[in-house]
Protein chains: 2
Amino acid sequence: MSKSISIQALQRLPLYLQYLKSMSLEKETNISAKTLGNALGFGEIQVRKDLAAVSDGGKPKVGYCSADLIKDIESFLGYDNVSDAVLVGAGKLGKALLSYEGFNAYGLNIVAAFDSDAEKCGTDESGKQILPIDKMDNLCRRMKIEIGIIAVPAAQAQSVCDILVQSGIEAIWNFAPTHLTVPQGVILKNEIMAASLAVLSKSLTERKRQLQ
Amino acid sequence: MSKSISIQALQRLPLYLQYLKSMSLEKETNISAKTLGNALGFGEIQVRKDLAAVSDGGKPKVGYCSADLIKDIESFLGYDNVSDAVLVGAGKLGKALLSYEGFNAYGLNIVAAFDSDAEKCGTDESGKQILPIDKMDNLCRRMKIEIGIIAVPAAQAQSVCDILVQSGIEAIWNFAPTHLTVPQGVILKNEIMAASLAVLSKSLTERKRQLQ
DNA sequence: TAGATTGTTAATCGATTAACAATC
DNA sequence: TAGATTGTTAATCGATTAACAATC
């Protein structure tokens with residue numbers, strides 16, 4: 001296991017995992033690349049190649065052991081090795097992310113949120129603390145936080161980003177619709193909804209054109 | 001303009017647009033591919049090829065006219081040609097999406113939301129109506145809604161998807177962390193946060209490995 | 001004119017798919 | 001054994017980048 005993996009394959013892994021977990025393991029202990037691929041709309045060869053990078057393989061004529069596959073993918077993605085994160089921006093999106101229970105299963109633990117608006121500070125519905133931004137540096141360093149999630153309006157995103165970097169954050173997950181500049185060595189992942197929407201709306205236009 | 005475009009290029013277009021709009025047009029009426037690329041971390045040849053697909057070109061030694069570029073990208077992406085959408089699921093994420101002002105600039109207009117919980121129905125903070133699900137078919141057909149946004153928990157996503165399809169929806173934007181099956185001809189775009197997180201967390205692991 | 005910048009054609013690179021050997 | 005399924009090597013495909021001609 002643990003060969004090289006392409007970024008596309010990496011992004012497919014959570015989908016395999018999602019599907020495998022949704023299956024009842026009692027009924028079917030094994031699954032073939034063909035079955036898995038058909039369920040998700042991928043080719044079987046691609047599935048095999050993807051799985052080869054993370055598991056130590058299936059058995060000819062039998063397929064892959066689903067339970068092992070789940071463990072292997074989770075371990076490859078680091079889901080069993082939780083990273084602590086802070087979130088900045090306790091608006092609607094920020095609170096939605098703060099309350100989302102699913103992140104823990106993905107190895108992400110949001111320990112607290114920050115907001116510049118004192119009115120928003122206190123204990124969130126999720127039970128997590130929303131703190132003033134000037135507490136960020138201390139908390140991040142003390143708890144050795146690795147990941148910062150930005151959920152503030154575009155106009156404030158760069159300055160929030162700078163503060164996160166100054167607080168020793170190693171990776172930033174940016175939900176603000178703006179380009180951020182980070183120092184070399186700091187990882188930046190943008191969540192670009194406009195890009196998804198561009199694909200969706202282009203497909204829609206294309207569909208209409210074809211139907212005419 | 002309007003040559004063929006790769007899906008990757010298509011997804012970069014909103015980033016160019018974002019950047020161009022953030023610039024003050026009074027100061028600099030023109031921009032070179034190099035400047036634009038440097039700002040966003042892309043190569044200049046890539047920028048030129050991307051822009052060639054949507055605009056009718058820049059001028060040697062001058063660059064591209066920023067205002068024209070903005071118009072060309074917006075028109076290519078259909079931002080000037082708003083599509084109506086409905087949203088299903090008025091939980092935290094659903095409400096965040098419902099309140100997000102930015103979608104209109106992307107040519108997406110959420111006309112109403114639906115939720116199976118009668119308690120959530122009524123007028124949202126955003127001013128938009130949250131209606132019971134049994135009103136969906138009628139509203140979607142009457143208003144010729146093209147896009148359905150799914151923001152319900154994974155367990156309910158497929159049944160919501162089926163209802164949307166039955167209501168004549170042409171494209172689905174799925175925020176639920178589950179695979180959906182749609183009939184041929186219906187467009188499906190999944191927003192997979194777990195995939196982004198996989199990339200982020202793999203980069204983080206890689207970074208740690210290198211620092212050792 | 002000279003030089004900066006565009007736009008296109010060709011080369012490279014990476015990811016997917018096909019072919020086929022290995023094996024349970 | 002025969003056949004299903006895996007895993008790998010080679011071929012194809014698509015996207016990026018390099019080279020260079022065109023032009024303001």
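We name chains A, B, ... by the order of the sequence lines, and we start the count at 1 in each one.
If you measure from atom CG of N38(B) to atom C1' of dT5(C), you get 14 Å, rounded to the nearest angstrom. A straight line from CG of D50(B) to P of dT6(C) spans 13 Å, rounded to a whole angstrom. Put simply, NZ on K59(B) is 16 Å from C1' on dA22(D), counting in whole angstrom units. L51(A) has its CG atom 11 Å from the C1' atom of dG7(D), to the nearest Å. Residue L10(B) contributes atom CG, which lies 12 Å from atom P of dT16(D) at whole-angstrom precision. Across the protein-nucleic acid pair, I7(B) atom CD1 and dC13(D) atom C1' stand 15 Å apart, rounded to whole Å. The CG atom of D68(A) sits 16 Å away from the C1' atom of dT6(D) (whole-angstrom rounding). Rounding to whole angstrom units, CG of residue D72(A) and P of dT6(D) are separated by 15 Å.
Among the candidates R142(B), M136(B), M143(B), the single residue satisfying the side chain to side chain contact (heavy atoms under 4.5 Å, CB included) test with C140(B) is M136(B).
At the heavy-atom level, K34(B) lies nowhere under 4.0 Å from the strands shown. Across all strands, A9(A) comes closer than 4.0 Å to no nucleic acid atom at all (heavy-atom distances). As judged by a 4.0 angstrom heavy-atom cut-off over every strand, G43(B) is placed among residues making no nucleic acid contact.
Look at R48(B) and you won't find any side-chain N or O under 4.0 angstrom from OP1 or OP2 of dG7(C). Between Y64(A) and dC24(C) there is no side-chain polar atom (N or O) within less than 4.0 angstrom of OP1 or OP2.
Of the candidates dT16(C), dT6(D), dG7(C), dT6(D) carries the atom nearest the P60(A) side chain, counting heavy atoms from C-beta on. Listed nucleotides: dT6(D), dT16(D), dT16(C). Nearest to the side chain of Q46(B): dT16(D). With dT6(C), dT16(D), dT16(C) as the choices, the nucleotide that has an atom nearest any side-chain atom of Q8(A) turns out to be dT16(C). For K61(A), whose side chain is taken as the heavy atoms from C-beta onward, the closest listed nucleotide among dT16(C), dA4(D), dG7(D) is dA4(D).
Cation-pi contact between K202(B) and F76(A): present, with separation from the ring centre below 6.0 Å and deviation from the ring axis of at most 45°.
Between K21(B) and E74(B) a salt bridge is recorded (basic side-chain N to carboxylate O distance below 4.0 Å). The residues R209(A) and E206(A) are annotated as salt-bridged, a charged nitrogen and a carboxylate oxygen being separated by less than 4.0 angstrom. Comment: E125(B) does not engage K95(B) in a salt bridge, judged by the lack of any side-chain N to carboxylate O separation of less than 4.0 angstrom. Taking a cutoff of 4.0 Å between a charged side-chain nitrogen and a carboxylate oxygen, E170(A) and K144(A) do not qualify as a salt bridge.
Side-chain contact check for I172(A) versus I147(A): every heavy-atom pair is 4.5 Å or farther apart.
Of the two residues near DNA chain D, I45(A) and V62(A), the one whose nearest nucleotide lies more 5' is V62(A).
Consecutive Watson-Crick or G-U pairing (both distances under 3.5 Å) extending over three or more pairs maps onto DNA chain D as C:3-24 with D:3-24.
Here the two rings, on Y100(A) and F103(A), have centers that are under 6.0 Å apart.
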